[in-house]
Amino acid sequence: MSELNNIALKILSNGKGILAADESTGTMTKRLKAVNVESTQENRLLFRETLFSSEGMKKCIGGVILYDETIKQNSISKKTIPELISSSGAVPGIKVDTGAKILASSPNEKITEGLDGLRERLKEYYKLGARFTKWRAVYIISNDYPSKLSIYANAHALARYSALVQENGMVPIVEPEVLMDGEHSAEECFNKTSEVIKKCYEELIKHKVDLKGTILKPNMILPGSSSKNNIDSKKIAELTLKCLKGSVPSEVPGIAFLSGGQSEQEAAKNLNSINLINDTNFIMTYSYGRALQQSALKFWSKDIKNIKGTQDTFNHRAKMCSLASQGKWSEDIEKK
Ligand code: 5MM
(Lines give C-alpha, C1' and ligand atoms only; values in the text may rest on other atoms or scores of the structure.)
Protein backbone atom coordinates (compact mmCIF):
# COMPACT_ATOMS: atom_id res chain seq x y z
CA MET A 1 0.00 0.00 0.00
CA SER A 2 2.92 2.37 0.61
CA GLU A 3 3.54 1.98 -3.11
CA LEU A 4 0.24 3.76 -3.81
CA ASN A 5 1.20 6.48 -1.35
CA ASN A 6 4.51 6.87 -3.21
CA ILE A 7 2.70 7.23 -6.53
CA ALA A 8 0.38 9.89 -5.06
CA LEU A 9 3.36 11.79 -3.66
CA LYS A 10 5.28 11.54 -6.93
CA ILE A 11 2.33 13.12 -8.75
CA LEU A 12 1.79 15.96 -6.28
CA SER A 13 5.17 16.86 -4.74
CA ASN A 14 7.97 19.29 -5.64
CA GLY A 15 5.77 22.04 -7.02
CA LYS A 16 4.11 19.68 -9.47
CA GLY A 17 0.44 19.10 -10.22
CA ILE A 18 -1.83 17.33 -12.67
CA LEU A 19 -2.70 18.14 -16.27
CA ALA A 20 -6.33 17.08 -16.80
CA ALA A 21 -6.30 16.22 -20.51
CA ASP A 22 -9.12 13.71 -20.19
CA GLU A 23 -11.79 15.56 -22.18
CA SER A 24 -14.11 12.98 -23.71
CA THR A 25 -14.41 13.24 -27.49
CA GLY A 26 -17.66 15.24 -27.10
CA THR A 27 -16.06 17.81 -24.79
CA MET A 28 -12.86 18.01 -26.83
CA THR A 29 -14.93 18.59 -29.97
CA LYS A 30 -16.66 21.49 -28.20
CA ARG A 31 -13.31 22.96 -27.15
CA LEU A 32 -11.85 22.62 -30.68
CA LYS A 33 -14.98 23.98 -32.35
CA ALA A 34 -14.78 27.06 -30.12
CA VAL A 35 -11.39 27.86 -31.68
CA ASN A 36 -12.41 26.78 -35.21
CA VAL A 37 -10.33 23.62 -35.41
CA GLU A 38 -11.83 20.43 -36.83
CA SER A 39 -12.11 17.70 -34.20
CA THR A 40 -10.33 14.82 -35.93
CA GLN A 41 -8.42 12.09 -34.15
CA GLU A 42 -5.18 13.52 -35.62
CA ASN A 43 -5.87 17.05 -34.38
CA ARG A 44 -6.85 15.89 -30.90
CA LEU A 45 -3.59 13.92 -30.72
CA LEU A 46 -1.46 16.70 -32.18
CA PHE A 47 -2.58 19.26 -29.60
CA ARG A 48 -2.18 16.88 -26.70
CA GLU A 49 1.17 15.54 -27.87
CA THR A 50 2.43 19.11 -28.24
CA LEU A 51 1.73 19.69 -24.55
CA PHE A 52 3.03 16.30 -23.43
CA SER A 53 6.42 16.89 -25.09
CA SER A 54 6.94 20.42 -23.68
CA GLU A 55 9.53 21.61 -21.16
CA GLY A 56 6.70 22.64 -18.82
CA MET A 57 5.75 18.99 -18.54
CA LYS A 58 9.16 18.07 -17.12
CA LYS A 59 9.22 20.84 -14.56
CA CYS A 60 5.61 21.27 -13.50
CA ILE A 61 3.48 18.23 -14.31
CA GLY A 62 3.54 15.18 -12.04
CA GLY A 63 0.64 13.35 -13.66
CA VAL A 64 -1.53 13.53 -16.78
CA ILE A 65 -5.11 12.30 -16.87
CA LEU A 66 -5.85 10.78 -20.26
CA TYR A 67 -9.00 9.75 -22.04
CA ASP A 68 -9.49 6.24 -23.45
CA GLU A 69 -8.71 7.38 -27.01
CA THR A 70 -5.41 9.05 -26.05
CA ILE A 71 -3.96 6.32 -23.83
CA LYS A 72 -4.08 3.97 -26.85
CA GLN A 73 -2.39 6.37 -29.30
CA ASN A 74 1.26 6.61 -30.40
CA SER A 75 3.28 9.81 -30.55
CA ILE A 76 5.15 11.06 -33.64
CA SER A 77 8.34 9.69 -32.07
CA LYS A 78 6.61 6.28 -32.12
CA LYS A 79 6.45 6.11 -28.33
CA THR A 80 3.10 5.24 -26.88
CA ILE A 81 1.46 8.25 -25.19
CA PRO A 82 1.97 6.73 -21.69
CA GLU A 83 5.68 6.22 -22.59
CA LEU A 84 5.96 9.82 -23.74
CA ILE A 85 4.44 11.03 -20.46
CA SER A 86 6.65 8.76 -18.34
CA SER A 87 9.76 9.91 -20.22
CA SER A 88 9.12 13.45 -18.98
CA GLY A 89 8.98 12.18 -15.40
CA ALA A 90 5.19 12.33 -15.03
CA VAL A 91 2.79 9.50 -14.18
CA PRO A 92 0.19 8.49 -16.79
CA GLY A 93 -3.40 8.40 -15.52
CA ILE A 94 -6.78 7.60 -17.01
CA LYS A 95 -10.38 8.75 -16.63
CA VAL A 96 -12.41 5.60 -16.01
CA ASP A 97 -15.94 6.85 -15.45
CA THR A 98 -18.26 6.71 -18.43
CA GLY A 99 -19.95 10.03 -17.77
CA ALA A 100 -22.63 11.67 -15.65
CA LYS A 101 -26.16 10.53 -16.51
CA ILE A 102 -29.60 11.62 -15.24
CA LEU A 103 -30.19 10.35 -11.71
CA ALA A 104 -33.40 8.29 -11.58
CA SER A 105 -35.87 9.77 -9.03
CA SER A 106 -34.11 13.16 -9.18
CA PRO A 107 -33.94 14.02 -12.88
CA ASN A 108 -32.34 17.45 -12.43
CA GLU A 109 -29.29 15.80 -10.96
CA LYS A 110 -26.60 13.48 -12.28
CA ILE A 111 -25.08 10.18 -11.23
CA THR A 112 -21.73 9.13 -12.63
CA GLU A 113 -21.71 5.73 -14.32
CA GLY A 114 -19.00 3.24 -15.23
CA LEU A 115 -18.85 0.55 -12.54
CA ASP A 116 -19.99 -2.32 -14.80
CA GLY A 117 -16.94 -4.06 -16.24
CA LEU A 118 -14.63 -1.63 -14.45
CA ARG A 119 -12.34 -4.32 -13.00
CA GLU A 120 -11.55 -5.62 -16.49
CA ARG A 121 -11.00 -2.13 -17.93
CA LEU A 122 -8.66 -1.28 -15.04
CA LYS A 123 -6.51 -4.32 -15.81
CA GLU A 124 -6.25 -3.18 -19.43
CA TYR A 125 -5.33 0.40 -18.45
CA TYR A 126 -2.69 -0.86 -16.02
CA LYS A 127 -1.10 -2.86 -18.86
CA LEU A 128 -1.14 0.28 -21.01
CA GLY A 129 0.88 2.07 -18.31
CA ALA A 130 -1.69 3.92 -16.19
CA ARG A 131 -0.83 4.19 -12.49
CA PHE A 132 -3.64 6.46 -11.37
CA THR A 133 -7.26 7.03 -12.37
CA LYS A 134 -10.03 9.59 -12.17
CA TRP A 135 -13.79 9.46 -11.55
CA ARG A 136 -15.79 12.68 -11.45
CA ALA A 137 -19.13 13.17 -9.73
CA VAL A 138 -21.04 16.42 -10.36
CA TYR A 139 -23.45 18.23 -8.06
CA ILE A 140 -25.56 21.33 -8.61
CA ILE A 141 -26.35 23.95 -5.97
CA SER A 142 -29.79 25.47 -5.46
CA ASN A 143 -32.27 25.51 -2.56
CA ASP A 144 -33.12 21.83 -3.01
CA TYR A 145 -29.86 20.56 -4.43
CA PRO A 146 -27.69 18.65 -4.14
CA SER A 147 -30.26 16.21 -2.77
CA LYS A 148 -29.38 13.66 -0.10
CA LEU A 149 -29.97 11.04 -2.79
CA SER A 150 -27.37 12.46 -5.18
CA ILE A 151 -24.88 13.02 -2.35
CA TYR A 152 -25.26 9.43 -1.21
CA ALA A 153 -25.44 7.73 -4.63
CA ASN A 154 -22.37 9.54 -6.00
CA ALA A 155 -20.35 8.93 -2.82
CA HIS A 156 -21.23 5.24 -2.98
CA ALA A 157 -20.09 5.02 -6.63
CA LEU A 158 -16.85 6.91 -5.85
CA ALA A 159 -16.13 4.46 -3.03
CA ARG A 160 -16.78 1.36 -5.13
CA TYR A 161 -14.62 2.82 -7.89
CA SER A 162 -11.78 3.68 -5.48
CA ALA A 163 -11.72 0.19 -3.94
CA LEU A 164 -11.55 -1.43 -7.38
CA VAL A 165 -8.77 0.91 -8.51
CA GLN A 166 -6.62 0.14 -5.45
CA GLU A 167 -7.29 -3.58 -5.91
CA ASN A 168 -5.66 -3.14 -9.33
CA GLY A 169 -2.57 -1.31 -8.08
CA MET A 170 -3.49 2.26 -9.01
CA VAL A 171 -4.23 5.49 -7.14
CA PRO A 172 -7.83 6.72 -7.42
CA ILE A 173 -8.49 10.44 -7.77
CA VAL A 174 -11.78 11.13 -6.02
CA GLU A 175 -13.42 14.09 -7.76
CA PRO A 176 -16.66 15.38 -6.27
CA GLU A 177 -17.25 18.59 -8.26
CA VAL A 178 -19.81 20.97 -6.83
CA LEU A 179 -20.48 23.10 -9.89
CA MET A 180 -19.98 26.87 -9.96
CA ASP A 181 -23.19 27.51 -11.96
CA GLY A 182 -25.83 29.53 -10.11
CA GLU A 183 -26.45 32.55 -7.93
CA HIS A 184 -25.50 30.94 -4.63
CA SER A 185 -23.15 32.55 -2.13
CA ALA A 186 -19.72 31.26 -1.15
CA GLU A 187 -21.20 30.25 2.23
CA GLU A 188 -23.73 28.02 0.46
CA CYS A 189 -20.91 26.53 -1.61
CA PHE A 190 -19.01 25.95 1.64
CA ASN A 191 -21.95 24.16 3.30
CA LYS A 192 -22.86 21.96 0.34
CA THR A 193 -19.25 21.10 -0.55
CA SER A 194 -18.54 20.15 3.08
CA GLU A 195 -21.57 17.86 3.14
CA VAL A 196 -20.60 16.26 -0.19
CA ILE A 197 -16.96 15.62 0.79
CA LYS A 198 -17.84 14.25 4.24
CA LYS A 199 -20.23 11.74 2.68
CA CYS A 200 -17.57 10.67 0.17
CA TYR A 201 -15.14 9.80 2.98
CA GLU A 202 -17.85 8.06 4.98
CA GLU A 203 -18.38 5.74 1.99
CA LEU A 204 -14.68 5.37 1.13
CA ILE A 205 -13.96 4.26 4.70
CA LYS A 206 -16.91 1.82 4.61
CA HIS A 207 -15.44 0.32 1.44
CA LYS A 208 -12.03 -0.05 3.13
CA VAL A 209 -10.21 2.26 0.75
CA ASP A 210 -6.71 3.11 2.03
CA LEU A 211 -6.87 6.90 2.09
CA LYS A 212 -3.06 7.22 1.97
CA GLY A 213 -3.24 5.88 -1.57
CA THR A 214 -5.83 8.37 -2.84
CA ILE A 215 -5.94 11.97 -4.09
CA LEU A 216 -8.88 14.35 -3.61
CA LYS A 217 -9.84 16.63 -6.51
CA PRO A 218 -12.35 19.15 -5.16
CA ASN A 219 -13.69 22.53 -6.24
CA MET A 220 -12.54 25.64 -4.41
CA ILE A 221 -15.11 27.45 -2.30
CA LEU A 222 -16.41 30.21 -4.56
CA PRO A 223 -19.63 32.18 -4.97
CA GLY A 224 -21.79 30.93 -7.88
CA SER A 225 -20.81 32.23 -11.31
CA SER A 226 -24.03 34.36 -11.47
CA SER A 227 -23.80 35.55 -7.87
CA LYS A 228 -23.48 39.26 -7.22
CA ASN A 229 -21.60 38.71 -3.98
CA ASN A 230 -17.97 38.58 -5.00
CA ILE A 231 -15.34 37.79 -2.40
CA ASP A 232 -11.61 38.31 -2.59
CA SER A 233 -9.00 35.64 -3.11
CA LYS A 234 -7.95 35.61 0.55
CA LYS A 235 -11.53 34.88 1.64
CA ILE A 236 -11.80 32.14 -1.02
CA ALA A 237 -8.63 30.59 0.41
CA GLU A 238 -9.87 30.82 4.01
CA LEU A 239 -13.23 29.22 3.22
CA THR A 240 -11.63 26.52 1.08
CA LEU A 241 -9.16 25.58 3.81
CA LYS A 242 -11.86 25.63 6.49
CA CYS A 243 -14.02 23.32 4.38
CA LEU A 244 -11.21 20.85 3.69
CA LYS A 245 -9.95 20.83 7.27
CA GLY A 246 -13.44 19.99 8.44
CA SER A 247 -14.17 17.27 5.91
CA VAL A 248 -11.00 15.51 4.68
CA PRO A 249 -9.35 12.83 6.87
CA SER A 250 -5.71 13.59 7.68
CA GLU A 251 -4.44 10.37 6.01
CA VAL A 252 -5.18 11.81 2.54
CA PRO A 253 -1.76 12.87 1.18
CA GLY A 254 -2.85 15.60 -1.14
CA ILE A 255 -5.51 17.73 -2.69
CA ALA A 256 -5.42 18.74 -6.36
CA PHE A 257 -8.06 21.33 -7.20
CA LEU A 258 -10.09 21.48 -10.39
CA SER A 259 -10.41 24.91 -12.01
CA GLY A 260 -14.13 24.54 -12.74
CA GLY A 261 -14.55 27.53 -15.06
CA GLN A 262 -12.26 30.02 -13.33
CA SER A 263 -10.01 31.95 -15.68
CA GLU A 264 -6.38 30.86 -15.89
CA GLN A 265 -5.29 33.77 -13.72
CA GLU A 266 -8.03 33.35 -11.12
CA ALA A 267 -7.17 29.67 -10.79
CA ALA A 268 -3.49 30.52 -10.21
CA LYS A 269 -4.21 33.40 -7.86
CA ASN A 270 -6.65 31.44 -5.70
CA LEU A 271 -4.35 28.42 -5.47
CA ASN A 272 -1.53 30.74 -4.47
CA SER A 273 -3.70 32.34 -1.74
CA ILE A 274 -4.55 28.87 -0.44
CA ASN A 275 -0.88 27.94 -0.22
CA LEU A 276 0.06 31.19 1.48
CA ILE A 277 -2.11 30.23 4.45
CA ASN A 278 -2.06 26.43 4.19
CA ASP A 279 -1.75 25.27 7.79
CA THR A 280 -2.57 21.63 7.05
CA ASN A 281 -0.38 18.64 6.20
CA PHE A 282 -2.13 18.24 2.85
CA ILE A 283 -0.21 19.11 -0.30
CA MET A 284 -2.43 21.63 -2.11
CA THR A 285 -1.87 21.69 -5.85
CA TYR A 286 -3.67 21.74 -9.20
CA SER A 287 -5.41 19.28 -11.44
CA TYR A 288 -6.50 21.78 -14.04
CA GLY A 289 -8.01 21.17 -17.45
CA ARG A 290 -9.11 24.52 -18.85
CA ALA A 291 -6.89 26.64 -16.57
CA LEU A 292 -3.77 24.89 -17.92
CA GLN A 293 -4.77 24.53 -21.57
CA GLN A 294 -6.96 27.48 -22.59
CA SER A 295 -4.36 29.95 -23.84
CA ALA A 296 -2.21 27.19 -25.40
CA LEU A 297 -5.27 25.94 -27.29
CA LYS A 298 -6.07 29.45 -28.51
CA PHE A 299 -2.50 29.99 -29.67
CA TRP A 300 -2.30 26.58 -31.35
CA SER A 301 -5.62 27.05 -33.16
CA LYS A 302 -4.16 29.98 -35.10
CA ASP A 303 -1.25 27.91 -36.40
CA ILE A 304 -1.37 24.24 -35.57
CA LYS A 305 2.13 23.74 -36.96
CA ASN A 306 3.66 26.19 -34.49
CA ILE A 307 4.67 23.64 -31.90
CA LYS A 308 7.24 25.87 -30.20
CA GLY A 309 4.88 28.82 -29.74
CA THR A 310 2.17 26.55 -28.37
CA GLN A 311 4.63 24.94 -25.97
CA ASP A 312 5.92 28.33 -24.81
CA THR A 313 2.36 29.38 -24.02
CA PHE A 314 1.72 26.16 -22.12
CA ASN A 315 5.09 26.37 -20.31
CA HIS A 316 4.15 29.78 -18.93
CA ARG A 317 0.77 28.54 -17.64
CA ALA A 318 2.32 25.44 -16.12
CA LYS A 319 4.97 27.56 -14.42
CA MET A 320 2.33 29.92 -12.99
CA CYS A 321 0.40 26.97 -11.56
CA SER A 322 3.56 25.43 -10.15
CA LEU A 323 4.50 28.70 -8.44
CA ALA A 324 0.95 28.97 -7.08
CA SER A 325 1.20 25.48 -5.62
CA GLN A 326 4.17 26.76 -3.59
CA GLY A 327 2.69 30.15 -2.66
CA LYS A 328 5.26 31.86 -4.91
CA TRP A 329 2.98 33.24 -7.64
CA SER A 330 2.41 36.98 -8.09
CA GLU A 331 0.66 39.26 -10.56
CA ASP A 332 4.04 40.68 -11.59
CA ILE A 333 5.47 37.27 -12.43
CA GLU A 334 2.26 36.49 -14.30
CA LYS A 335 2.80 39.46 -16.63
CA LYS A 336 6.45 38.69 -17.44
C1 5MM B 1 -10.77 17.77 -18.78
O2 5MM B 1 -12.13 17.90 -18.54
C3 5MM B 1 -12.81 16.84 -17.88
C4 5MM B 1 -14.11 16.78 -18.63
O5 5MM B 1 -14.45 15.50 -18.87
P6 5MM B 1 -15.77 15.16 -19.78
O7 5MM B 1 -15.37 15.37 -21.18
O8 5MM B 1 -16.06 13.76 -19.43
O9 5MM B 1 -16.86 16.12 -19.34
C10 5MM B 1 -13.08 17.18 -16.40
O11 5MM B 1 -13.50 16.09 -15.65
C12 5MM B 1 -11.88 17.78 -15.77
O13 5MM B 1 -10.90 16.80 -15.53
C14 5MM B 1 -12.16 18.46 -14.44
O15 5MM B 1 -13.42 19.05 -14.38
C16 5MM B 1 -11.13 19.56 -14.26
O17 5MM B 1 -11.13 20.39 -15.39
P18 5MM B 1 -11.28 21.95 -15.19
O19 5MM B 1 -11.34 22.51 -16.60
O20 5MM B 1 -12.51 22.18 -14.38
O21 5MM B 1 -10.01 22.36 -14.44
Side-chain angles (χ1 to χ4, degrees), residues 11-12 17-35 39 44 47-48 51-52 60-71 81 85 91-102 110-114 121 130 132-140 154 157-158 161 171-181 189 193 196 215-222 224-225 236 240 255-271 274 284-298 314 317-318 320-322 324-325:
I11 296 169
L12 305 173
I18 300 170
L19 168 60
D22 61 311
E23 297 87 352
S24 54
T25 303
T27 302
M28 196 56 187
T29 300
K30 235 194 275 166
R31 302 259 189 275
L32 292 176
K33 258 195 178 159
V35 292
S39 180
R44 292 194 289 273
F47 176 65
R48 286 168 165 158
L51 305 189
F52 302 162
C60 312
I61 304 296
V64 180
I65 316 172
L66 299 166
Y67 180 58
D68 182 75
E69 175 183 87
T70 326
I71 200 171
I81 291 296
I85 290 167
V91 181
I94 178 80
K95 186 231 299 287
V96 300
D97 67 65
T98 55
K101 309 286 159 58
I102 290 170
K110 300 265 175 71
I111 176 75
T112 302
E113 295 189 346
R121 287 194 292 124
F132 75 103
T133 66
K134 190 196 91 174
W135 179 290
R136 170 172 170 256
V138 289
Y139 311 82
I140 47 171
N154 277 299
L158 275 164
Y161 141 82
V171 169
I173 293 189
V174 175
E175 181 180 3
E177 177 174 7
V178 180
L179 296 171
M180 244 169 97
D181 311 339
C189 178
T193 303
V196 161
I215 295 170
L216 176 68
K217 176 166 174 169
N219 49 285
M220 293 177 192
I221 303 301
L222 300 162
S225 47
I236 290 170
T240 303
I255 294 175
F257 293 97
L258 57 93
S259 58
Q262 299 178 70
S263 70
E264 290 178 333
Q265 287 206 25
E266 278 166 352
K269 184 176 184 173
N270 291 334
L271 179 61
I274 290 169
M284 301 268 184
T285 187
Y286 47 94
S287 176
Y288 293 163
R290 286 162 287 180
L292 267 171
Q293 300 182 77
Q294 241 160 32
S295 49
L297 182 63
K298 235 187 190 167
F314 175 73
R317 253 347 315 136
M320 294 304 104
C321 290
S322 173
S325 76

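Starting from 1, each residue takes its place in the sequence as its number. Numbering of ligands and ligand atoms starts at 1, following listing order.
Distance CD1/I236 to CG/L222: 5.0 Å, rounded to 0.5 Å. One finds the SG atom of C60 at 7.5 Å from the CZ atom of F314 (value rounded to the nearest 0.5 Å). In this structure, the separation between CD1 on I215 and CD1 on I18 is 4.5 Å, given to the nearest 0.5 Å.
Heavy atoms from both the backbone and the side chain of E23 come within less than 4.0 Å of ligand 1.
Below 4.0 Å from some heavy atom of E177 lie the following atoms of ligand 1, by number and element: 15 (O). Residue contact check: K134 has heavy atoms under 4.0 Å from atoms 3 (C), 10 (C), 11 (O), 12 (C), 13 (O) of ligand 1. Those atoms of ligand 1 that come under 4.0 Å of a heavy atom in G289, given as number and element, are 17 (O), 18 (P), 19 (O), 21 (O). Each of the following atoms of ligand 1 lies closer than 4.0 Å to a heavy atom of T27: 6 (P), 7 (O), 9 (O). Near S259, the atoms of ligand 1 lying under 4.0 angstrom from a non-hydrogen atom of the residue are 18 (P), 19 (O), 20 (O), 21 (O). In the vicinity of K95, heavy-atom distances shorter than 4.0 Å reach the ligand 1 atoms 5 (O), 6 (P), 8 (O). With ligand atoms numbered from 1 in the order given, ligand 1 contributes 1 (C), 13 (O) to contacts under 4.0 Å with heavy atoms of A20. In summary, the atoms of ligand 1 found under 4.0 Å from a heavy atom of Y288, numbered by their order in the structure, are 21 (O).
Put simply, no part of G99 is less than 4.0 Å from ligand 1, judged by heavy atoms. The closest approach between E175 and ligand 1 falls below 4.0 Å for a heavy atom of the residue. Using a 4.0 angstrom heavy-atom cutoff, K217 counts as in contact with ligand 1.
In this structure, P176 and K217 approach most closely via the heavy-atom pair CD-O, 3.5 Å. The two residues C321 and L271 have their closest heavy-atom pair at O-CD2, 4.0 Å.
Shortest contact from atom 1 (C) of ligand 1 to any protein heavy atom: D22 OD1, 3.2 Å.
Note: an N/O pair closer than 3.5 Å links G260 and ligand 1 by distance alone. Polar contact with ligand 1: present for R290 (N/O pair, distance under 3.5 Å).
Take N219 and apply the side chain to side chain donor-acceptor pair (under 3.5 Å) test, not counting sequence neighbours, and it matches T193. Scanning for ring pair (Phe, Tyr, Trp, His ring centres under 6.0 Å) contacts around F47 gives W300, with sequence neighbours left out.
Between E23 and R48 there is a salt bridge, since at least one side-chain N of the basic residue sits less than 4.0 Å from a carboxylate O of the acidic one.
S322 contributes no side-chain N or O that, together with a main-chain N or O of A318, makes up a donor-acceptor pair within less than 3.5 Å.
Annotation: K101, atom NZ; neighbour count of heavy atoms from other residues, nucleotides and ligands within 6.0 Å is above 12.
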